[in-house]
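The next block holds one structure in the form of structure tokens; read it before the comments.
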2 protein chains.
Amino acid sequence: MDDKKKRIIEIAEQLFAQYGFLKTTMEDIAKKVHMGKSSVYYYFKSKDDIFAEVIRKDTLIFQQKLDEAVNNANTPEDKIRAYVTTRMTHLQDLSKFYSTLTDEYLDHYLFVEEVRKDFYDYENTVLRNILKKGIEQNCFDVDDIVTISRMISIAIKGLEFPLFVEAKDYDPVKESNDMLDVIFNGIANH
Amino acid sequence: MDDKKKRIIEIAEQLFAQYGFLKTTMEDIAKKVHMGKSSVYYYFKSKDDIFAEVIRKDTLIFQQKLDEAVNNANTPEDKIRAYVTTRMTHLQDLSKFYSTLTDEYLDHYLFVEEVRKDFYDYENTVLRNILKKGIEQNCFDVDDIVTISRMISIAIKGLEFPLFVEAKDYDPVKESNDMLDVIFNGIANH
DNA sequence: TTTTCGACCGAAAAACGATATTGGTCGAAA
DNA sequence: TTTCGACCAATATCGTTTTTCGGTCGAAAA
């Protein structure tokens, strides 16, 4: 990708994080990259387009980080634990960085929903692959992989909530592992 | 409780459900209940007060319904299943009835948050009691009741999400039972 | 004493027109 | 190929006026 383009995305990301999407003007971005506003439009066709690429970049980094965490874990169970805890800590960081955006994400509801769906698909693919391998290795006792991966996805999604309302004194890693203890072992007496 | 008061609450609930809290004026309520506006203030000290009592009434009915469902189930596992499925179906009904409110509940953020907390406490009490009895009856293998009940609470909270965004083709009872299968049996190979 | 209501208040919202911003375009120049 | 100043139209903003609405009060019904 063009070097200038990359730079614009970086600057824009900073400004979005600091002032939010609406309060950041194209002028602001252009000025900070030392360009005329029109020049920025040579690289991006709209403000939304810049936003989209910022999100796309962040999502990619997020997924790479998750993939790495999963690859570095050994057993299928550890892979899932690595996935979930990495997901939570990264989300915690994001929630701090993008605190200004949480209020106005309603305006980009459609777009955000799309990204969310993509991520959901990615997550399900990852989880299904781990589950499949886990079954082959006789670690898991699961007959419907699709359903189970969705249930895991939903359960850990529930853990997100405190990140965006009251983040203090919240230990996402501990919460994640407690949830995973339930999911792996169940609570019924076997 | 006063009969007139009850009537006002009923009418107000209808109007809130239909037009939302903000669009419903005290005049609207008074007119529909065939009273002067001032007369309504004889029974309630504020509009918020009426709203609070509507919510309080609905919450009470909700909890009674849940208690009944739990009591009618026999085994601890069935009690939890009864609790969760009743919770979900009732929430589904509420989401239809109060569809107009979901957008503006941000304004009453504090109050709604308070109600949510109360309900969360209630839910945890119910779940803990069932878990405790289940352990005594040797149905459950759990050492930290507090954590486990919170995890169940969080997991089923995740199931709520689709109710408020895309309700069609969503079967809350099936989803609930799938989630509970995981929670009861786990996915690890024992 | 309890209940109802019309008249009224003040704060906040809506309405509105004038002005400024801002996302985006275009053609020229470098 | 890249940059930018000039420009446009739509929208946001702002100052002002008007209306609405939650809430009060005192009197009168019951």
Does B/K45 get its side chain close enough to the base of D/dG23, under 3.5 Å, for a donor-acceptor pair?
no
Starting at atom NZ of A/K37, determine the distance to atom C1' of D/dG5, rounded to an integer number of angstrom.
11 Å
Test for a donor-acceptor pair under 3.5 Å between the base of D/dG23 and the side chain of B/K47, counting only N and O atoms.
no
More than 12 heavy atoms of other residues, nucleotides or ligands under 6.0 Å from NZ of A/K132: is that the case?
no
Counting just side-chain N and O atoms, does A/Y42 come under 4.0 Å of either OP1 or OP2 of D/dT2?
yes
How many Å lie between CE on B/M26 and C1' on D/dG22, as a whole number?
7 Å
d(NZ, A/K23; C1', C/dT21) in whole Å:
11 Å
Distance only, no hydrogens: is a donor on one side chain within 3.5 Å (strictly under) of an acceptor on the other, for A/Y19 and A/D28?
no
With a sphere of 6.0 Å drawn around NZ of B/K65, does it hold more than 12 non-hydrogen atoms of other residues, nucleotides or ligands?
yes
B/Y43 near the nucleic acid: base, sugar-phosphate alone, or nothing, with a heavy-atom cut-off under 4.0 Å?
sugar-phosphate
Regarding B/K47 and the six-membered ring of B/F21, is the cationic atom NZ or CZ under 6.0 Å from the ring centre and inside 45° of its axis?
yes
side-chain N/O A/S39 vs D/dC4 OP1/OP2, d < 4.0 Å:
yes
Any side-chain N or O of B/K4 below 4.0 angstrom from OP1/OP2 of C/dT4?
yes
In whole angstroms, how far is the C1' atom of D/dG23 from the CD1 atom of B/I50?
12 Å
Nearest-neighbour nucleotide for the B/S38 side chain, C/dA7, D/dG23, C/dG24 considered:
C/dA7
